[in-house]
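Notes for the one structure printed next.
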Amino acid sequence: MTPPEAPVAHPNPTDGAAAHPDFPHRRDFAPPERARGGFLKRYLAIFRASLKERMTYRGDFLLGTVLRFLPMITTILLWQAIYVGSKQNTLATFTYNEMIAYLLLTNISRMFSSMPGLAGGIAREIREGTMKRYMIQPIDMIGYLLLYRVAHKITYIIMSFLPYLLLFFLCRSFFDGFPDWTTLGAFAVSLLLSFLIGFFFEASVGMVGFWFLEVTSLLYIVMTLNFFISGHMLPLDLLPWPWAGFLKALPFQYMAYFPAAVFLGKVKGAELIWYLVGELFWAVFFMALARSLYRMGLRRYSAFGG
Amino acid sequence: MGALKPLARYFRLFGSLASYTLKRELAFRGNLLVKISVEVLWLAILVAFFRTVFARTSTIAGWDEPRYFFFVGCFFAMNGLIEMLFLDNCNEFAELVRTGDLDGLLLKPIDEQFLITCRRIDWGTAPNILMGTLVMAIALVQMHWQFDLERVLSFLITFVCGTAIAYSFMLLLTSISVWMVRNQSLMEMWWLFSSVARYPREIFTGPWAKPLGAFFTYFLPILIVVNVPANAMVRALDRGSVALTLVATVVLLWLSRRFFQRALRSYRSASS
């Protein structure tokens, strides 16, 4: 999403000089590769400005982060009641402790893979014609949005680090110690790839706006469905046959289920490598899809309004 | 008779606003259909989730499957009613404050609270009331429920009271936007509240959860919103809880109105 306060081409270079140190270089519209060090400087500027924008409402943001923990309490209590009711220690290979740990970890997965406002923002830029700014400036739209999102994610992770640290400390009894370094490494890789899948998947949905002016409704359906089929509500293993196997073949499991399952050691050895390769495949697939849709969409784009 | 006249005027006004928003929604029928589809999908997900859970357990905190689904239906219907009548309006309030567009509404010769919180009906969530009712009806059939007038009346009264309590909380949260212009997180607080109301009170057991359950029952009584009507209909009819719900409704409606009026007095127009 590109909110109104996001860094855009400023009509008066002096006004925007602080936020856009590379602005004077844009006069000649040189391609990014030709400007000496311009490429890195340009994207660093985007990153810095996005970081500042995110910090503007830090009080509001921090409050939201803290409040987000409260539904976790009700989730913990619900699953406690489910395990007590079932009179069993294990449900679909998950003990009660593992189940709570899983649900806590899916919040980390979603922290990386969720992209609020991205698809809607792209569709709006198409609809309102403001997308043409990427065509007249030496900035690649997908690259810009990616950096913008990276900055937001980093701020979010930094600001929610302490509340999450507190939460995981309070819930440490649900975890059976720290996993080994290999598992931790695989977990980190799965999170980074889940970020890429989430970003390029939502970007692809947003690009549909080139063909259908209004994608909000489509987005609602996709996101609502994604909430369940990504394993955010419960581990996919709990679903009856053939749903669990079917959903694990889709890319959505990488947005919540897979990183959490990796951390808990539910996926190991050759299976882990196989699934990581699968995650990489989906990340590349959606990257190519978003890029292709963008390219095809630009051919149809009329730049009305703006 | 004198007091009924303004009330009738507000009913007429509400009818006109409802009719206007329905016509507006029907101008974009496709969009309305998709909105309804999302709600159907969400209910399907909830049903799939609890069907999966009940495949592995027979009860959740003492609620068997049909009774639990009655609870889910009750929550879904009430949430649909709240979303249909108030959520969009309250959500927009922060933007009205930020842009200064609230001025125009305050100048109208109508009660400000009515105009701000009831002027738009979100017809896209109206079918949720029907869908929730359907889930409740199926649950009643599955458990061979015997008709009991006292239970039905208690259910209907506490259902209306629960809606009023939820509205009061929403109004309290909305009013804060006057001081904290951007209230994105405050609306999230509403979702937090609705997430507390989403589960049976009996899940709040244990050394730290029990006091928390008591806090959300007696101090911030959001936990009684769905629990009391659902319990009255399909489990033990506790007259004490019904009385508590009635008292909480009156107190919260009064308190939220006073708070809202206090917030409006602090409002300073932002526009030129």
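Just so it is clear: chains get the letters A, B, ... in the order the sequence lines come, proteins before strands, and each one is counted from 1.
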If you count heavy-atom pairs under 4.5 Å between each of A:Thr224, A:Ile229, A:Leu218, A:Val84 and chain B, which one has the most?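 Highest number of heavy-atom pairs under 4.5 Å: A:Thr224.
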Interchain contact, [X] with chain B, by part (heavy-atom threshold 4.5 Å):
X        : result
A:Leu225 : both
A:Tyr83  : neither
A:Trp79  : side chain

Show the nearest heavy-atom pair for residues [X] and [Y], with the distance to one decimal.
X       : Y       : value
B:Arg56 : A:Leu91 : CB-CD2, 3.9 Å
A:Ile82 : B:Val53 : CD1-CG1, 3.5 Å
B:Ala61 : A:Ala81 : N-CB, 3.9 Å

If you count the non-hydrogen atoms of other residues, nucleotides and ligands that lie under 6.0 Å from [atom1] in [X], is the total more than 12?
X        : atom1 : answer
B:Asp238 : CG    : yes
A:Tyr220 : OH    : no
A:Trp243 : CH2   : no

At under 4.5 Å between heavy atoms, what parts of residues 207-226 of chain B are in contact with chain A? List them by residue number.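 Only B:Trp208, B:Ala209, B:Leu212 of residues 207-226 of chain B have a heavy atom under 4.5 Å from chain A.
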Engaged part of B:Phe28 at the chain A interface, taking heavy atoms whose separation is under 4.5 Å: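 Neither part.
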Is any side-chain heavy atom of [X] less than 4.5 Å from a side-chain heavy atom of [Y]?
X        : Y        : result
A:Leu78  : B:Arg198 : no
A:Leu234 : B:Phe49  : yes
B:Phe204 : A:Leu77  : yes

Taking it one step at a time, do B:Thr57 and A:Lys87 satisfy side chain to side chain contact (heavy atoms under 4.5 Å, CB included)? CA-CA 8 Å; B:Thr57 181; A:Lys87 297 186 182 74; over 6 Å; no
Distance from A:Met223 atom CE to B:Leu41 atom CG, nearest 0.5 Å?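 Those atoms lie 12.5 Å apart.
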From B:Ile60, B:Thr205, B:Ile203, residue fulfilling side chain to side chain contact (heavy atoms under 4.5 Å, CB included) relative to A:Gln80: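 The side chain to side chain contact (heavy atoms under 4.5 Å, CB included) with A:Gln80 is passed solely by B:Thr205 among B:Ile60, B:Thr205, B:Ile203.
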